[in-house]
Amino acid sequence: MAEMYIRVAEEENEEPMEIPSEDDGTVLLSTVAAQFPGACGLRYRSPVSQCMRGVRLVDGILHAPENGWGNLVYVVNYPKDNKRKMDEIDASSATKIKRGDQKTSDLIVLGLPWKTSEQDLKDYFSTFGEVIMVQVKRDVKTGNSKGFGFVRFTEWESQGKVMSQRHMIDGRWCDCKLPNSKQGPDEPMRSRKVFVGRCTEDMTTDELRQFFMQYGEVTDVFIPKPFRAFAFVTFADDQVAASLCGEDLIIKGISVHISNAEPKHNNTRQMMERAGRFGNGSLCHLPPMSICSHRTAR
DNA sequence: GTTGAGCGTT
């Protein structure tokens with residue numbers, strides 16, 4: 001596909017800027033954010049309905065409307081706009097959106113038959129509502145099921161129903177509970193950095209940045225090497241970081257867990273790593289850390 | 001090739 005540009009502006013009748021699309025016709029949120037720092041999405045006025053419409057955003061990738069991008073002017077969305085509106089609103093009414101109670105989280109499924117597959121789980125739990133994630137935990141070497149897994153629903157109601165009863169799955173009684181890996185309502189802790197647990201090896205810093213951008217401006221993404229199944233994401237705004245703590249988010253189909261990044265003692269090293277990252281984007285080499293200290297109390 | 005309370009390669 002020839003190089004293509006879409007028109008993006010800060011406000012509807014301001015001078016638009018042309019922003020390049022990808023080869024497949026999508027536009028990366030990061031490309032938008034490169035010109036409009038802090039952007040979390042796009043909207044446009046539908047020529048048909050005359051209403052503002054949101055542009056579909058999946059994992060940091062903006063998808064063109066039905067009839068392509070066309071010549072419309074797209075307007076940048078910022079997370080801060082919502083926050084301001086929210087503050088204005090919940091000064092008087094107690095509107096939710098406040099992030100917390102109504103959101104679903106992963107449920108652990110205990111007692112699965114060895115033979116039960118993810119498809120089996122999905123088929124079974126779909127009778128309770130839309131399922132957005134299932135996992136069967138397996139032995140890495142043998143691939144055998146460990147007899148438990150996880151499920152995540154779209155609707156809070158489905159989750160409640162599923163937790164309130166026992167389940168006959170492939171001939172065994174199973175229980176669904178809130179996993180205890182998740183800490184309850186915790187103290188915010190004024191950090192702009194969050195810990196992202198349960199990362200997979202194929203997640204790149206770019207992809208993480210793409211993903212977390214939708215919540216607010218991302219200032220840093222750090223993935224320890226060699227692979228250690230977690231990452232750190234730093235936001236420009238500590239409130240954004242705080243709002244994500246305790247949540248399970250789904251990146252590339254994988255459920256990751258967000259918690260507050262505990263500073264611990266090895267700050268000097270992190271500062272050195274930051275200092276070593278210069279124009280060429282490469283990282284200065286440091287000897288492997290002898291002891292890593294990221295335990296959560298259990 | 002086994003097993004049956006647990007907690008997701010922090």
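The shown structure was predicted, so the numbers you read here are calculated from the model rather than taken from an experiment. Sequence lines set the chain letters: A, B, ... in the order given, protein chains first and strands last, and positions in each chain run from 1.
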> How many Å lie between NZ on A:Lys177 and P on B:dA5, as a whole number?
Replying inline: 12 Å
> Nearest-Å distance, CD1 (A:Ile258) to C1' (B:dG8)?
Replying inline: 14 Å
>> Can you measure A:Glu247 atom CD to B:dG8 atom P for me and round it to whole angstrom units?
In response: 20 Å
>> Using the side chain to side chain contact (heavy atoms under 4.5 Å, CB included) definition, which of the options A:Thr116, A:Asp123, A:Leu121 pairs with A:Gln119?
In response: A:Asp123
> Within the structure shown, what part of the strands sits under 4.0 Å from A:Ser255 by heavy-atom distance: base, sugar-phosphate, or nothing?
Replying inline: base
> In terms of ring plane angle, is the pair A:Phe222 and A:Phe232 parallel, tilted or perpendicular, where the classes change at 30° and 60°?
Replying inline: parallel
> Please walk me through it: do A:Asp248 and A:Arg198 pass salt bridge (Lys or Arg N to Asp or Glu O under 4.0 Å)?
Replying inline: CA-CA 10 Å; A:Asp248 292 310; A:Arg198 306 200 301 264; 3.1 Å; yes
> Is any side-chain N of the basic residue among A:Asp237 and A:Arg192 closer than 4.0 Å to the acidic one's carboxylate O?
Replying inline: no
> With a non-hydrogen cut-off below 4.0 angstrom, is A:Pro224 in contact with a base, only sugar-phosphate, or nothing?
Replying inline: nothing
> How is A:Ile254 classified with respect to the nucleic acid when contacts are heavy atoms under 4.0 Å: base, sugar-phosphate, or nothing?
Replying inline: nothing
>> If I take atom OG1 from residue A:Thr200 and atom NZ from residue A:Lys252, how far apart are they, to the nearest 0.5 angstrom?
In response: 6.0 Å
> Do we count A:Trp114 as stacking onto B:dT3 if the rule is ring centres under 5.5 Å and planes under 30°?
Replying inline: yes
> What do you reckon, is CD of A:Gln165 surrounded by more than 12 foreign heavy atoms closer than 6.0 Å?
Replying inline: yes
>> Using whole Å, what does the distance between atom C1' of nucleotide B:dG8 and atom CG of A:Leu110 come to?
In response: 12 Å
> Between residues 130-140 of chain A and DNA chain B, which residues have a heavy-atom gap below 4.0 Å?
Replying inline: A:Gln135, A:Lys137
> What integer distance in Å separates A:Phe195:CZ from B:dT9:P?
Replying inline: 13 Å
>> If I take atom NZ in residue A:Lys193 and atom P in nucleotide B:dT10, what distance separates them, rounded to the nearest angstrom?
In response: 18 Å
> Which nucleotide, B:dG8, B:dG6, B:dT10, lies nearest any side-chain atom of A:Asp106?
Replying inline: B:dG8
> Is the A:Phe148 ring parallel, tilted or perpendicular to the A:Phe150 ring (thresholds 30°, 60°)?
Replying inline: perpendicular
> The side chain of A:Phe230 lies closest to which of these nucleotides: B:dT10, B:dT9, B:dG8?
Replying inline: B:dT10
> Does B:dG6 have A:Phe148 stacked on its base, where the ring centres are within less than 5.5 Å and the planes differ by under 30°?
Replying inline: no
>> List the residues meeting ring-ring contact (aromatic ring centres under 6.0 Å, His included) with A:Phe212, not counting sequence neighbours, and say none if there are none.
In response: none
>> With the threshold set at under 4.0 Å for non-hydrogen atoms, list the residues of residues 157-172 of chain A touching DNA chain B in residue-number order.
In response: A:Arg172
> Should we say atom CZ of A:Arg56 is surrounded by more than 12 heavy atoms from elsewhere, each under 6.0 Å from it?
Replying inline: no
> Taking the nucleotide of DNA chain B with the closest heavy atom to each, which residue, A:Phe227 or A:Ser145, is nearer the 5' end?
Replying inline: A:Ser145
> Can you tell me how far C1' of B:dT10 sits from CE of A:Met203, to the nearest Å?
Replying inline: 14 Å
> Only one of A:Val27, A:Leu29, A:Thr26 clears side chain to side chain contact (heavy atoms under 4.5 Å, CB included) with A:Ile61; which?
Replying inline: A:Thr26
>> In this structure, how many angstroms lie between the P atom of B:dT9 and the CD atom of A:Glu201, rounded?
In response: 14 Å
